[in-house]
Amino acid sequence: MCKLGDIIIVKNYIGDDGETITQHSFVVISDEKGTISGLDYTMVASVISSFKSEDHRKRKLKFEENVELPLDAMNKKNFKKSSYVKANQAYYFNKKKLNYYVFASLKDEYLDDLLKIVLKLNSEGKLKIIMDNL
């Protein structure tokens with residue numbers, strides 16, 4: 001089972017473009033059960049991506065929805081590459097239907113910053129809800 005702030009690796013999921021993606025990391029931004037558009041969910045997560053270069057890092061961080069996760073942002077483990085969370089994307093999952101495992105968890109300070117940005121983006125109508133994995 002996973003909880004708020006956990007970093008999970010999802011075996012297969014449908015991305016925001018409708019394509020199937022394999023082996024990708026997410027950070028759990030809600031572990032509350034609920035219903036959205038008549039569908040049950042048990043977790044909401046945002047996708048994590050790695051920076052490919054310093055130039056890529058600079059380009060991505062120009063947007064407030066991309067939240068940087070430095071190498072030491074995890075508890076007990078470290079990222080191998082500097083990464084960022086796409087905080088404007090909320091993936092809704094049902095854990096019973098999802099093939100995943102918990103890899104690590106975010107340190108509280110990074111989780112707090114991420115959740116503040118997600119809530120801000122949501123209040124501004126900028127949060128993309130992705131329900132294709134329910």
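If you read the sequence from its start, that first residue is 1, and numbering goes on from there. Being a predicted model, the structure only gives us computed values, none of them experimental.
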Item to complete: Run the numbers on F26 and Y13 for ring-ring contact (aromatic ring centres under 6.0 Å, His included), then give the verdict.
Response: CA-CA 11 Å; F26 287 80; Y13 74 100; 4.8 Å; yes
Between [X] (side chain only) and [Y] (backbone N and O only), is there a donor and an acceptor less than 3.5 Å apart?
X   : Y   : result
H24 : K11 : no
S83 : I48 : no
S46 : V85 : no

With hydrophobic residues grouped by side-chain heavy-atom distances under 4.5 Å, do [X] and [Y] end up in a single group?
X    : Y    : value
Y110 : I29  : yes
V102 : L106 : no
I117 : V27  : yes
I8   : I130 : yes

Closest non-hydrogen atom pair between [X] and [Y], with its separation:
X    : Y    : answer
K126 : N88  : O-CB, 3.6 Å
M43  : V28  : SD-CG2, 3.6 Å
I14  : D132 : CD1-O, 3.5 Å
K107 : D72  : NZ-O, 2.8 Å
Y84  : K60  : OH-CE, 3.5 Å
A87  : V118 : O-CG2, 3.6 Å

Can you tell me how far [atom2] of [Y] sits from [atom1] of [X], rounded to the nearest 0.5 angstrom?
X    : Y   : atom1 : atom2 : value
D31  : K33 : CG    : NZ    : 10.5 Å
T42  : N94 : OG1   : CG    : 4.5 Å
N66  : Q89 : CG    : CD    : 8.5 Å
F103 : I7  : CZ    : CD1   : 7.5 Å

Worksheet item: Taking the six-membered ring for Trp, are F93 and Y91 parallel (under 30°), tilted (30 to 60°) or perpendicular (over 60°)?
Response: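 Rings of F93 and Y91: parallel, as their planes differ by under 30°.
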Worksheet item: Using the ring of each side chain (for Trp, its six-membered ring), is H56 parallel, tilted or perpendicular to F51, with breaks at 30° and 60°?
Response: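 Taking F51 first and then H56, their aromatic rings stand perpendicular (interplane angle over 60°).
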Worksheet entry | K120: side chain to side chain contact (heavy atoms under 4.5 Å, CB included) partners, not counting sequence neighbours |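 Applying side chain to side chain contact (heavy atoms under 4.5 Å, CB included) to K120 gives E64, E124.
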Worksheet item: Looking at residues at least two apart in the chain, or sitting in another chain, which of them share a side chain to side chain contact (heavy atoms under 4.5 Å, CB included) with L119?
Response: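 Once residues adjacent in sequence are excluded, L119 has no partner under the side chain to side chain contact (heavy atoms under 4.5 Å, CB included) criterion.
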Hey, are the side chains of [X] and [Y] touching, using non-hydrogen atoms and a 4.5 Å cut-off?
X    : Y    : value
L4   : L111 : yes
Y100 : V10  : yes
L69  : M74  : no
R57  : E68  : yes
Y101 : C2   : no
L134 : D40  : no
I129 : M131 : yes

Practice prompt. Could you give me the CA-CA distance, side-chain angles and deciding distance for D112 and K116, then say whether salt bridge (Lys or Arg N to Asp or Glu O under 4.0 Å) is met?
Written response: CA-CA 6 Å; D112 290 345; K116 285 177 189 172; over 6 Å; no
Practice prompt. Carefully, step by step, assess D16 and K128 under the rule salt bridge (Lys or Arg N to Asp or Glu O under 4.0 Å).
Written response: CA-CA 9 Å; D16 66 325; K128 184 175 184 179; 3.5 Å; yes
Item to complete: Check the side chains of N75 and S105 for a donor-acceptor pair under 3.5 angstrom, ignoring hydrogens and angles.
Response: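 Indeed, the side chains of S105 and N75 share at least one donor-acceptor pair under 3.5 Å.
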Worksheet item: Using 4.0 Å as the upper bound for N to carboxylate O, is an ion pair formed by D6 and K3?
Response: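 Salt bridge flag = yes for D6 with K3.
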